[in-house]
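Notes for the one structure printed next.
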Amino acid sequence: RAGLLLGMSDLKAATLASDNSLAFAVWIYSLEKLAVHVMYAIAGETREGLVNSWHPRSGSNRFVLADFP
């Protein structure tokens with residue numbers, strides 16, 4: 001379809017100051033009005049965006065889609 005809006009961000013990452021190991025990373029993929037944030041975080045990370053995010057350990061295979069203004 002002509003004019004399809006498709007994009008992805010660069011991978012953004014943050015490391016621990018103590019040993020420079022990876023602590024958090026995020027990548028965003030968008031297709032038209034749908035955007036998916038793929039995040040990696042070590043245990044104990046409390047960054048904004050992780051609260052209420054889905055994880056396989058959550059015991060559910062259902063995703064909640066939300067409309068952000």
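Heavy atoms only: backbone and side chains are in, while hydrogens, waters and symmetry mates are out.
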- Task: Tell me, with the steps shown, if Trp27 and Val36 meet side chain to side chain contact (heavy atoms under 4.5 Å, CB included).
- Result: CA-CA 8 Å; Trp27 174 71; Val36 177; over 6 Å; no

Which donor-acceptor pairs under 3.5 Å do side chains of residues 7-16 form with protein atoms, sequence neighbours excluded?
unit_1, atom_1, unit_2, atom_2, d
Ser9, OG, Ile28, N, 2.9
Thr15, OG1, Asn20, OD1, 3.0

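- The cluster map of Ile, Leu, Val, Met, Phe, Trp and Tyr, joined by side-chain heavy atoms under 4.5 Å apart, puts Ile42 and Val38 in different clusters.
- Taking Asp19 as the reference, Ser21 meet the side chain to side chain donor-acceptor pair (under 3.5 Å) condition, with sequence neighbours excluded.
- In this structure, Tyr40 and Leu22 have side chains that are in contact, with non-hydrogen atoms separated by less than 4.5 Å.
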